[in-house]
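The next block holds one structure in the form of structure tokens; read it before the comments.
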Amino acid sequence: MKIGIVGAGMVGSSAGFALAIAGYANEIVFVDKNEALAVAQAEDISHAVPFMSATRVRAGGYADLAGAGIVVLSAGVGQRPGEGRLELLERNAVVIRSIVSEILAVVPDPILLVAANPVDVITHIAAKISGLPRNRVIGSGTILDTARFRSLLARHIEISPQSIPAFVIGEHGDSEVLAWSGAVAGSADLISFAAQLGKPITEDVRKAIDHDVRNAAYKIIEGKGATYYGIGAGIARIVRAITRDEGSVLSVSIHTDHVAGVDNVTLSLPRVVGARGVTADLLPDLEPSEQQALTRSAQMLKELSDSLHI
Ligand SMILES: NC(=O)C1=CN([C@@H]2O[C@H](COP(=O)(O)OP(=O)(O)OC[C@H]3O[C@@H](n4cnc5c(N)ncnc54)[C@H](O)[C@@H]3O)[C@@H](O)[C@H]2O)C=CC1
Ligand SMILES: CC(=O)C(=O)O
């Protein structure tokens with residue numbers, strides 16, 4: 001499948017690199033308002049390809065996106081140290097509006113894969129203005145937070161993160177919800193599995209992991225200015241689920257008719273992802289405090305999206 005990436009900065013180029021070296025796409029086309037940057041990223045990544053795959057990587061204009069099955073939206077500003085994701089909304093909403101109409105003029109029926117922040121609200125805007133069906137406008141949502149959660153759990157329990165189907169749901173941001181009660185590890189529920197391995201999840205362990213997942217981006221941005229490898233791999237993982245029609249369960253953000261007592265809100269849940277985009281939503285079992293936290297997260301996102309009057 002041909003994949004377009006609009007926004008060839010740190011996130012877009014990391015996604016392109018991950019896609020190219022894994023060989024998840026036949027062709028990748030970078031588009032950026034900074035044309036020289038798009039050309040340079042495409043050249044650099046194409047020099048990695050002979051070691052790893054056969055993906056064709058190039059830069060172009062919007063017309064070159066014709067025939068793309070998926071277009072990744074990674075254009076826009078990122079957070080500066082100390083800045084929250086929601087503070088980017090005004091600037092990135094303007095960017096997304098112009099980009100979506102340019103894309104639809106050449107690719108009438110794409111799957112849009114949104115990474116720009118605040119990703120849930122930007123995905124909400126992209127879905128509304130594109131008029132595409134809800135299952136075809138997918139925000140990367142909490143796929144990265146879920147990876148961070150699994151990575152920290154794996155470090156604590158000392159098993160592979162791929163053997164820990166635990167999810168972060170709700171906003172990709174400060175109000176996100178770590179779904180501890182529905183989490184599984186290996187062959188049992190997470191808490192009893194960890195205890196069996198002699199690595200109990202005490203209240204202190206739980207608090208530390210919650211804090212580190214929620215604050216991971218702030219810490220990385222403080223240290224190196226931006227986060228990109230994690231989300232780059234996350235975008236590649238979503239693309240793989242679509243191009244291979246996997247039906248994989250991934251935590252991604254789409255418009256949701258009703259969740260946690262809130263209607264018409266765009267947020268992340270574990271969802272089935274395949275060739276047609278998202279085909280099912282799966283609400284994990286939640287204890288009352290998690291359910292309340294999900295309601296708060298959903299209400300916040302809904303108020304923000306409604307205030308835009310799209
Ligand atoms: N969803 C997630 O988990 C994550 C999302 N992000 C978000 O991804 C976005 C991109 O971040 P970075 O790549 O680090 O930023 P960056 O500044 O490195 O790249 C952004 C690129 O967008 C381009 N751009 C801006 N306006 C454009 C337009 N109208 N048309 C075409 N290209 C345009 C810029 O020229 C630049 O190359 C940010 O909003 C950031 O917050 C970052 C990390 C994780
Ligand atoms: C920047 C961002 O959204 C993240 O790394 O989670």
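For this chain, numbers begin at 1 and follow the sequence in order. Start at 1 and go down the list; that is how both ligands and their atoms are numbered.
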Thinking salt bridges, do Glu176 and Arg85 make one under a 4.0 Å N-O criterion?
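No, no charged N to carboxylate O under 4.0 Å.
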Is His172 touching ligand 1 with its side chain, its backbone, both, or neither, if touching means heavy atoms under 4.0 Å apart?
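Side chain only.
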Any nitrogen or oxygen of [X] lying under 3.5 Å from a nitrogen or oxygen in ligand 1? Just yes or no.
X: Val11; answer: yes
X: Ile231; answer: no
X: Lys33; answer: yes
X: Ala115; answer: yes
X: Asn92; answer: yes
X: Ser74; answer: no
X: Met10; answer: yes

Judged by atom type as modelled, is there a donor-acceptor pair below 3.5 Å linking the side chain of Lys199 to the main-chain atoms of Arg155?
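A pair under 3.5 Å: no.
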Subset of ligand 2 atoms that lie under 4.0 Å from at least one heavy atom of [X]:
X: Arg148; result: 4 (C), 5 (O), 6 (O)
X: Leu144; result: 4 (C), 5 (O), 6 (O)
X: Ala217; result: 2 (C), 4 (C), 5 (O), 6 (O)
X: Thr227; result: 1 (C), 2 (C), 4 (C), 5 (O)
X: His172; result: 2 (C), 3 (O), 4 (C), 6 (O)

Could you pull out, from [options], the option with a heavy atom nearest to [atom]?
atom: atom 39 (O) of ligand 1; options: Leu88, Asn34, Val77; answer: Val77
atom: atom 4 (C) of ligand 1; options: Leu89, Asp32, Asn117; answer: Asn117
atom: atom 43 (C) of ligand 1; options: Ile220, Thr227, Asp120; answer: Thr227

What's the shortest distance from [atom] to any protein heavy atom, and which residue and atom give it?
atom: atom 19 (O) of ligand 1; answer: Gly9 CA, 3.2 Å
atom: atom 1 (C) of ligand 2; answer: Gln79 OE1, 3.3 Å
atom: atom 29 (N) of ligand 1; answer: Val95 CG1, 3.7 Å
atom: atom 20 (C) of ligand 1; answer: Gly76 O, 3.2 Å
atom: atom 24 (N) of ligand 1; answer: Ala75 CB, 3.7 Å

Determine whether [X] and [Y] make a side-chain contact, defined as any pair of heavy atoms from C-beta on separated by less than 4.5 Å.
X: Val31; Y: Ile99; value: no
X: Ser140; Y: Ile238; value: yes
X: Ile138; Y: Thr123; value: no
X: His255; Y: Asn264; value: yes
X: Val137; Y: Ile254; value: no
X: Val114; Y: Ile125; value: no
X: Leu294; Y: Leu283; value: yes
X: Asp212; Y: Ile209; value: no

Determine whether the side chain, the backbone, both or neither of Asn117 has a heavy atom under 4.0 Å from any heavy atom of ligand 2.
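It is the side chain that touches ligand 2; the backbone stays farther off.
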Which segment of Ile231 sits under 4.0 Å of ligand 2 when only heavy atoms are counted:
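For Ile231, there is no contact with ligand 2 at all, from either part.
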In ligand 1, which numbered atoms sit nearer than 4.0 Å to a non-hydrogen atom of [X]?
X: Gly78; value: 38 (C), 40 (C), 41 (O)
X: Leu144; value: 3 (O)
X: Leu37; value: 37 (O)

Considering residues, nucleotides and ligands other than Phe17, do more than 12 of their heavy atoms fall under 6.0 Å from its CZ?
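No - once you tally the heavy atoms of other residues, nucleotides and ligands closer than 6.0 Å, there are 12 at most.
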Would you say the side chains of Asp120 and His172 form a donor-acceptor pair under 3.5 Å?
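Checked: Asp120/His172 side chains show no N/O donor-acceptor pair below 3.5 Å.
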So, Arg237 versus Ser248: side-chain donor-acceptor pair below 3.5 Å or not?
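A pair is found: one side chain offers a donor N or O, the other an acceptor, under 3.5 Å apart.
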Just say parallel, tilted or perpendicular for the rings of Phe149 and Trp180, cut-offs at 30° and 60°.
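Ring orientation of Phe149 relative to Trp180: perpendicular.
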Go through Ile122 and Leu88 one step at a time and tell me if the side-chain contact (heavy atoms from CB on, under 4.5 Å) criterion holds.
CA-CA 10 Å; Ile122 297 292; Leu88 307 174; over 6 Å; no
